[in-house]
Amino acid sequence: MYRTTVIIDGMHCPMCESQVKGLIRKLYPNASLSAAHKKGLLSIEYPFIPSQAEIKKALESGGYQVRSFSTEKFEKKPSLFARLFHSFKTA
């Protein structure tokens with residue numbers, strides 16, 4: 001999995017967070033998204049590195065300005081439910 005963090009200008013409220021996530025969800029419907037308007041951050045977790053050009057174009061179409069991108073590879077940990085299920089299954 002890859003986590004791409006995008007720093008955005010123009011998010012002012014929780015509704016902006018929803019709009020930003022909606023713009024990106026059109027490109028990557030299965031991505032895990034989170035946004036924080038106070039910090040101006042958007043986080044995209046996806047199995048592949050998303051296209052910076054596509055993200056920038058989508059966000060600018062919504063009136064937002066992209067300041068920077070960073071991408072890191074990470075290992076997604078199993079959910080609490082999955083860990084509990086596995087522990088019962090092996091017991």
Side-chain angles (χ1 to χ4, degrees):
M1 290 288 283
Y2 293 91
R3 180 180 297 126
T4 299
T5 302
V6 186
I7 299 177
I8 303 169
D9 283 336
M11 283 198 299
H12 304 292
C13 64
M15 188 63 184
C16 293
E17 294 174 1
S18 295
Q19 184 178 12
V20 163
K21 291 191 294 186
L23 292 167
I24 301 304
R25 194 163 314 283
K26 289 177 185 176
L27 296 172
Y28 305 104
N30 298 324
S32 176
L33 304 171
S34 64
H37 71 277
K38 291 181 181 180
K39 295 180 180 181
L41 296 176
L42 169 67
S43 177
I44 305 165
E45 293 179 2
Y46 200 62
F48 305 101
I49 298 174
S51 165
Q52 291 183 6
E54 286 180 346
I55 292 170
K56 185 174 181 179
K57 183 177 178 180
L59 293 173
E60 288 178 350
S61 75
Y64 301 97
Q65 183 180 9
V66 174
R67 290 182 36 212
S68 68
F69 290 89
S70 66
T71 300
E72 63 185 0
K73 190 172 185 172
F74 77 101
E75 191 173 323
K76 193 167 187 170
K77 295 179 182 176
S79 69
L80 176 61
F81 176 77
R83 290 189 308 245
L84 287 172
F85 180 75
H86 180 72
S87 67
F88 285 121
K89 190 175 174 183
T90 58

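Both backbone and side-chain heavy atoms feed into the values below; hydrogens, waters and symmetry mates do not.
Applying the side-chain hydrogen bond (donor to acceptor under 3.5 Å, both in side chains) criterion to Glu54, with sequence neighbours excluded, gives Tyr28. By the side-chain contact (heavy atoms from CB on, under 4.5 Å) test, Phe69 is found to be paired with Thr4, Val6, Gln52, Ile55, Lys56, Val66, residues two or more places apart in sequence or in another chain being considered.
The environment of CZ in Phe48 is sparse: at most 12 heavy-atom neighbours from other residues, nucleotides or ligands sit within 6.0 Å.
Within the structure, no pair that satisfies the salt bridge (Lys or Arg N to Asp or Glu O under 4.0 Å) test touches residues 18-31, not counting sequence neighbours. Residue pairs that meet the side-chain hydrogen bond (donor to acceptor under 3.5 Å, both in side chains) test with at least one member in residues 30-42, sequence neighbours left out, are Glu17-His37. A salt bridge (Lys or Arg N to Asp or Glu O under 4.0 Å) check over residues 40-50, counting only residues at least two apart or in different chains, returns the pairs Arg3-Glu45.
Annotation for Ala58 and Leu23: closest pair O-CD1, 3.7 Å, computed over non-hydrogen atoms. Closest of all the heavy-atom pairs between Met11 and Ala35 is SD-CB, 4.4 Å. Closest heavy-atom contact between Gly10 and Cys16: O-SG, 4.1 Å.
No side-chain heavy atom of Leu42 sits under 4.5 Å from any side-chain heavy atom of Thr5.
From Met1, atom CE reaches atom CD of Glu75 across 11.0 Å, with rounding to the nearest 0.5 Å. Atom CG of Leu41 is separated from atom OG of Ser70 by 9.0 Å, given to the nearest 0.5 angstrom. To the nearest 0.5 angstrom, Ile24 atom CD1 is 4.0 Å from Leu59 atom CG.
The hydrophobic cluster containing Ile49 also includes Tyr2, under a criterion of side-chain heavy atoms closer than 4.5 Å among ILVMFWY residues, counted directly or through chains of members.
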